[in-house]
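Following: one structure in structure tokens, then a few remarks.
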Protein chains: 2
Amino acid sequence: MSKAPSATTLRREAQFEALMQSAEKRICEDGVGALKARDLAADIGVALGGLYNIVADMDDLMLRLAQRTMVRLDAALEAGAASAAAEHPVEVLEGIALAYYDFARQNLQLWRALFEMRLKNPALPEWNIQAQLGLFRHMNAPMTALMPAASEAERILVARTLFSAVHGIVFVGLEERLIAVPQEALAQQIRWLVRAACKDLK
Amino acid sequence: MSKAPSATTLRREAQFEALMQSAEKRICEDGVGALKARDLAADIGVALGGLYNIVADMDDLMLRLAQRTMVRLDAALEAGAASAAAEHPVEVLEGIALAYYDFARQNLQLWRALFEMRLKNPALPEWNIQAQLGLFRHMNAPMTALMPAASEAERILVARTLFSAVHGIVFVGLEERLIAVPQEALAQQIRWLVRAACKDLK
DNA sequence: AAAAAAATTGAACGACGTTCATTTTTATAT
DNA sequence: ATATAAAAATGAACGTCGTTCAATTTTTTT
């Protein structure tokens, strides 16, 4: 049987959740560069030094934020995959790609934070790497349907290529420092690329 | 007739060049995050405050570094485009894509600095935006050959999509924090994607 | 209720980009 | 050549940042 969590533990969890939410709010408003230890400590009503009882350091904080974002992204991709019937694998891949685009648009700053966070220690923890690789999971079934004769390694490689290509289109397309591409046109381009790539697979 | 440059002006130019080279060396060795005003000042034999006679601030420094990198990238893309005959536009596009991959691989940290630099003032100066958009120039001729009936706006849109997709493949592929894709396999994937996309254009 | 352990605090530290009064060097005028 | 004005170079100082730690307060255990 498991012990009832102590009052201290409960407060810790509440503090952690408050910290995450405050950090997410600040990222959404001003980008990942606006995350400041002092601001966050003030937000959640804790002394500056107290932050380091909740997270190890700012790297840890950002990696945990990334994890939360990836969990939500994973759910979004799952929903995107489910928007088409499994008998039409190309449409499933299209659904995933468009879901990715949609998630990036609607969570722009949090999504950008996934790539923009600059860690003191560049090595990612294993749980973070696994979460990233796990995002490809949704492409497994449609890729297998499209490439029944290929090896698993081959399928994974192509899936990653396709995902990367879509990511690139989204990334450049949402780069508002350049001339922005209209949303509908961008979605159209994504659909085109996925379809063109899949057409060539057969 | 133009005045002969004064001794001061000549020294300025020499200092600027030394600063750029020292900065590039440091980026190549330790990434863009390792650029420190004090280090650079020491490198080129100038007092800390003197840096601000050579560049306006660190933003300015990084933007000028980006400019230099883009000039070299532009030349690399041009050479890549020239590696195939103009009568085979798909091969030209392939050459450009592979040249981009090659440049990124051989100038990994400088290339990454293009995307990783975090500016205090996020607005890019016009000359930097133009340099970025100018990179698409090399795709003009092959895209026109591939889409003779399309409008110019359409061609630009598709060119940008294709370039972005290749960028995404390169970007994710070189992300050494994840499982690395073998170089030859990555080049193969790029070739496949470009060919598949072009096949669909006709 | 006392003792031990854990959590919280905020002042202090070192590193950073940037500024500025002062000094030194260069350019101009006599 | 020399005096004067202008420009450039200096490095100490400032404000901000993440992080640490001795001291204090709170919680848990005995």
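B:Leu119 has its CG atom 14 Å from the P atom of C:dG17, to the nearest Å. One can place CG of A:Asp57 at 20 Å from P of C:dG14, the figure rounded to the nearest angstrom. Separating the CZ atom of B:Arg118 from the C1' atom of C:dG17 is a distance of 15 Å, rounded to the nearest angstrom. C:dG17 atom P lies 15 Å from atom CG of B:Asp60, rounded to whole Å. At whole-Å resolution of the value, CG in A:Leu51 and C1' in D:dC17 are 13 Å apart. Taking atom NZ of residue A:Lys120 and atom P of nucleotide C:dA15, one finds them 14 Å apart after rounding to whole Å. We find that CE of A:Met58 is positioned 10 Å from P of D:dC17, with the value rounded to whole Å.
Taking the six-membered ring wherever Trp is involved, the centroid distance between the rings of A:His138 and A:Tyr100 does not fall below 6.0 Å.
Residues A:Ile169 and B:Ser164 share a closest heavy-atom pair of CA-CB, 3.7 Å.
Checking D:dA9, C:dT18, C:dA7 against every side-chain atom of A:Arg12, the shortest atom distance belongs to C:dA7. Minimum atom distance to the side chain of B:Ala47 is reached by D:dG11, of the listed D:dA8, D:dT19, D:dG11. The side chain of B:Tyr52 has C:dG17 as its nearest neighbour among C:dG17, C:dT8, D:dT28.
When the nearest nucleotides of DNA chain C are assigned to A:Arg11 and B:Leu48 by heavy-atom distance, the more 5′-ward of the two goes with A:Arg11. When each of A:Gly50 and A:Thr9 is assigned the nucleotide of DNA chain D bearing its nearest heavy atom, the one mapping closer to the 5' terminus is A:Gly50.
Shown for residues 15-46 of chain B: residues whose heavy atoms fall under 4.0 angstrom of DNA chain D, namely B:Gln15, B:Arg38, B:Val46.
With respect to B:Glu175 and B:Arg112, no salt bridge is recorded, no charged nitrogen being found less than 4.0 Å from a carboxylate O. We find that B:Arg64 and B:Asp60 are joined by a salt bridge, their nearest charged nitrogen and carboxylate oxygen being less than 4.0 Å apart.
At least one side-chain nitrogen or oxygen of B:Asn53 sits closer than 4.0 Å to the OP1 or OP2 atom of D:dA9. Residue A:Thr8 places no side-chain N or O under 4.0 Å from the OP1 or OP2 atom of C:dA6.
At least one side-chain heavy atom of A:Arg72 sits under 4.5 Å from a side-chain heavy atom of A:Leu110.
Taking a 6.0 Å sphere around CD of A:Gln21, one finds it holds more than 12 heavy atoms contributed by other residues, nucleotides or ligands.
Under the salt bridge (charged side-chain N to carboxylate O under 4.0 Å, His left out) test applied with B:Glu17, the options B:Arg68, B:Arg11, B:Arg12 reduce to a single match, B:Arg68.
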